[in-house]
Trainee: 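Here it is, the structure in full.
All chains are named by letter (A, B, ...) in the order of the sequence lines, taking the proteins before the strands, and each is independently numbered beginning at 1.
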Amino acid sequence: MSSTYDHKQIEPKWQKHWEEQGIFHAADVVRGKKNFYLLVEFPYPSGNLHIGHWYAFAIPDIFARFMRMRGFNVLFPIGFDAFGLPAENAALKRGINPRTWTHDNIEYMRKQLRRMGASFDWEREVVTCEPDYYRWTQWIFLQFFKAGLAYQADSLVNWCHSCKTVLANEQVIDGRCERCESAVMQRKMKQWLLKIKDFADALLHDLETLPWPEEIKEAQRNWIGRSEGALVKFPISNFQFPNKSQITNSNLYVEVFTTRPDTIFGATYLVLAPEHPLIENLESGIKNLEEVKEYIERAKTKTEMERGQLQKEKTGVELAGIRAVNPATKEEIPIWVADYVLMGYGTGAIMAVPGHDARDFAFAQEFHLPIRKVISPEVGANGRSPVQGAYEGEGAVVNSGKFTGLDSQTARERIVAWLELNKLGKRSTSYKLRDWLISRQRYWGCPIPIIYCRRCWENPKSKIQNPKLVGSEIDGVMHAVIPVPGDQLPVELPELDDYKPRDDGRSPLSKAADWVRVKCPQCGGAAERETDTLDTFIDSSWYFLRYTDPGNEKVFAAQEKMAQWMPVNLYSGGAEHTTMHLLYSRFWIKAMERLKLVPWCEPYVRRLNRGIILGPDGQKMSKSHGNVVDPDEQVERLGADAVRMYLAFIGPYATVGAYPWSMNSIVGVRRFLERVWMLGNKLKTQNSKLKTKETFINKYPAVQKKRLQMLAHQTIKKVTEDIESFKFNTAIAQLMTYTNELVKADLRDPAMRDYYTLLIVLLAPFAPHIAEELWQRMRFAHAADQRRSNTQINADDSENVSSIFKEPWPKFDPRLILEMKVSVVIQINGKKRGMVEVLRGAGEEEVFAAVGAAPEIQKYLRGITVTKKVYVKGKLLNIVAQ
RNA sequence: GGGCCAGUGGCGGAAUAGGUAUACGCGUUUGACUUAAAAUCAAAUGCCCAAAAGGCGUGUGGGUUCGAGUCCCACCUGGCCCACCA
């Protein structure tokens, strides 16, 4: 038996053992055990594991192993978020199939994940690009479509002229294409969207019920961006409509959204977004139509980058000849068009109050528009005297007719009430959140299971049969939008020869003519398939449901299987998903709940955002910095146990911070593991001479060394509580302290073996391989001892317990963690001057008496009068004196 | 510009119902072992002062308190996210 710690020998051995024994497979029900669902964000199969993956998976694995030992039936699954653009890019660059590229990566990453020693249940693996998974992605999407939650609309998308393709927001870096670095434009295209906005209030409201970290909740609240305010109508005063049939009710006024109705008397002009539809309707009355059209054209072709750079410079043009009436002042005011007003928020039009809004102020200055003060900062409101620019705070309303003199809040209420009474406006709520744009003009994604049929749209009968039939225009011709029937799912992604995007921005799938051409499921005539694919965030919006029932061919997951595990008890992931994946999947589950597909409206009970690991130089790891730490090399050199334990030791896990990797510090962790190993060796030589009694866990024998016993119980307490709160760093510190004491202790003490076993068990979640090895050796030695002393060996016992991870987690005795004698700090006027030792539970008088016997403290008391004593029992005595 | 978070030794970090600041680890110094080095073991290690005594110390300045890293106010610095959101 080798006596040096050789991680290369023991780590593969136990990884194989655990997998063969199926130790980490989660059965749906285990008698007498509560279920616990621990979820980690599944990886994108990008090639090979980096340190970030280790941090994301190996550290939660500590918790998974701990919970098993505490007696929970733990579901700790893994899978691959396998659709996505990098596969397509790799295909274009290297001429390989995206499917091949993805599958090769998955295969390689599976091997690496096993080397990590994470206790995943591989029998439940989910891969989103497999037809048996995306079949159900398509099925759920169709339920949403039938319920009206998925719809098509013309939307502005990011368009790269050079690559001739649509880009996702994540692919636009500082207004440039991430691939070719040319400027990105906005282009209007027909897109699929999901009605996440319908759930804005539910998403906001249910957030309050979740025990999540406050900063995550706050980030989601800000993202949803609910604002209370009012919609106000500003009638168009002097426009003669040339053709009476063109007049619609909405042509007669400009409707704006404002959160500050109290400033309405200061609204000296209106501004429309360049895309505002009213402009077209008013064309015949616009005297400078050429100029206006030119401005709108320019705004359209402005790149994202230009918008960012020119944020401070306001541009715009007046609609000459058109004026509106401020319903409060009855004054005629001009209407402008400017790109600082966004079509996507509110009504796409604003009332400009340059006196009390910085942007309006800048615009008014630029174009010499009137600025009127209607709010006066109340004295002492914030002590700051305005106002070189606009005063945006609250205050007393002035110059506002009958509302003058009110405070902002009261004025808001009264003015809105007045507007409502006169049918000029109404209370309203607005959100920053926009509906989720889910179609992508890309190959490597889940096909949208929709068929377009011209004949069905043109046949009057089909609309009678299906009154909810939706139409969609393709190349100027209307088609009926037909969902693919359930028995024809999945719509499989076809093989292509060429994944290049087309000049017209349509999906590469549109080139698969045989695939596009399809029989209409409704009329049987010639029809064509939707060629866009779904955003990959859809694939990841429900994968955690599939883990509960991965093989099901009848439904996305059986209700009774989901009921065993859902909702997820703890979800660990990266902060970058706070307002994307985390919000999307909450919405997705709420939508499923509305359709009675699932019974709960929140998918995750607890959520934890981890930090990130930086390079040794404190910079983000990147190839260009040359500071990338390769986990494979570290595992080779120091072992998986040392790598994961170092990552756990580096700092608290549930904190969104950044920790630099340190080649020195990981060596310290390795040294610790070697000390634990060597201690086992030393004990073995000692113990072979001695007969030991029964195994110790949870049944502490009478111990001679009280101090060690106390430390052992304190260690159980500290390690247990720290793991529960994800403070692995301090749990490990405690294990180190405990180990240091054991090393110093008398190895001939028969209790040492039990103390050592305790160490191994507490160490097991952190460094599973070395702990299993040492534990199995102890078992072997123990069995040998028993044979020698003719004790009968319980065969059953050795059969059942084949791993340290089937051992129960130790419990501590609260009576044994308290010290008999305590050191009390003596302060004089708040300054520490010494310590006295007294019995635990000693009162103030006893402590003060002990101070009298301590000359090094007494000298500070000479010549002064004690006026007060503050005593904190067993901790501190502060003597206040003059 | 808005929101959130964080500033503690040479470094990662520890310490909250306000009560010994710097646990644990790294690094550094000295010693033991060694022909030597590595490894290991032992001791020291916040700053000022040769040392003792003493003083000063948790980004800065105030405040509350017998007592503040922790609570309150103002400010400085850094990080992350969102950004013309009316």
Trainee: Look at all strands and tell whether A:S662 reaches a base, only sugar-phosphate, or nothing, counting heavy atoms closer than 4.0 Å.
Mentor: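 Nothing, no nucleic acid heavy atom in range.
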Trainee: Looking at every strand, decide which applies to A:K432 at a 4.0 Å heavy-atom threshold: base, sugar-phosphate, or nothing.
Mentor: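 It contacts base atoms.
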Trainee: Verify the distance criterion only: is there a donor paired with an acceptor across the side chains of A:R637 and A:Q634 at less than 3.5 Å?
Mentor: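 A pair is found: one side chain offers a donor N or O, the other an acceptor, under 3.5 Å apart.
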Trainee: Less than 4.0 Å between a side-chain N and a carboxylate O, is that true for A:E741 and A:R675?
Mentor: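 No, no charged N to carboxylate O under 4.0 Å.
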Trainee: Determine all donor-acceptor pairs shorter than 3.5 Å in which one atom belongs to a side chain in residues 262-269 of chain A; sequence neighbours excluded.
Mentor:
| residue | atom | partner | partner atom | Å |
| --- | --- | --- | --- | --- |
| A:D262 | OD1 | A:R260 | NE | 3.1 |
| A:D262 | OD2 | A:R260 | NE | 3.3 |
| A:D262 | OD2 | A:R260 | NH2 | 3.0 |
| A:D262 | OD2 | A:S408 | OG | 3.2 |
| A:T263 | OG1 | A:R260 | O | 2.8 |
| A:T268 | OG1 | A:P370 | O | 2.8 |
| A:Y269 | OH | A:D360 | O | 3.0 |

Trainee: Taking for each residue the nucleotide of RNA chain B with the nearest heavy atom, is it A:G346 or A:M736 whose nucleotide lies nearer the 5' end?
Mentor: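 Nearest-nucleotide comparison on RNA chain B picks A:M736.
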Trainee: For A:A648, give me all partners under side chain to side chain contact (heavy atoms under 4.5 Å, CB included), at least two apart in sequence or on another chain.
Mentor: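 Scan of A:A648 (side chain to side chain contact (heavy atoms under 4.5 Å, CB included), adjacent residues dropped) gives A:I59, A:I62, A:F728, A:I732.
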Trainee: Toss me the dot-bracket line for RNA chain B: Watson-Crick and G-U wobble, both under 3.5 Å, 5' to 3', using | for pairs to another strand and [ ] for crossers.
Mentor: (((((((..(((......[....)))((((((.......))))))(((.....)))..(((((..]....))))))))))))....
Trainee: In whole Å, what separates the P atom of B:U30 from that of B:A38?
Mentor: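 Straight-line distance between the two P atoms is 12 Å.
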Trainee: Taking the P atom of each, how far is B:C76 from B:C84, in whole Å?
Mentor: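 These two P atoms come out 25 Å apart once rounded.
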Trainee: Excluding sequence neighbours, so at least two apart, what forms side chain to side chain contact (heavy atoms under 4.5 Å, CB included) with A:V872?
Mentor: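 Checked A:V872 against side chain to side chain contact (heavy atoms under 4.5 Å, CB included); matches are A:K875, A:L876.
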Trainee: Identify every side-chain donor-acceptor pair in residues 655-669 of chain A under 3.5 Å, counting partners at least two apart or on other chains, and give the distances.
Mentor:
| residue | atom | partner | partner atom | Å |
| --- | --- | --- | --- | --- |
| A:Y659 | OH | A:P652 | O | 2.8 |
| A:S662 | OG | A:N664 | N | 3.3 |
| A:S662 | OG | A:S665 | N | 3.0 |
| A:S662 | OG | A:S665 | OG | 3.2 |

Trainee: Go along nucleotides 5-13 of chain B 5' to 3' and tag each nucleotide: B for a protein heavy atom under 4.0 Å from its base, S when only backbone or sugar atoms are that close, - otherwise.
Mentor: -------BS
Trainee: Hey, does A:S227 reach any base, or is it just sugar-phosphate, or nothing, if we go heavy atoms under 4.0 Å?
Mentor: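 Answer is sugar-phosphate: A:S227 comes under 4.0 Å of backbone atoms only.
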Trainee: Is the distance from OP1 or OP2 of B:U40 to the nearest side-chain N or O of A:R671 less than 4.0 Å?
Mentor: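 Checking B:U40 against A:R671, a side-chain N or O does come within under 4.0 Å of OP1 or OP2.
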Trainee: Distance under 6.0 Å and angle within 45° of the ring axis: does A:K869 meet both against A:F848?
Mentor: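 Judged by the rule (NZ or CZ under 6.0 Å from the ring centre, within 45° of its axis), A:K869 counts as positioned above A:F848.
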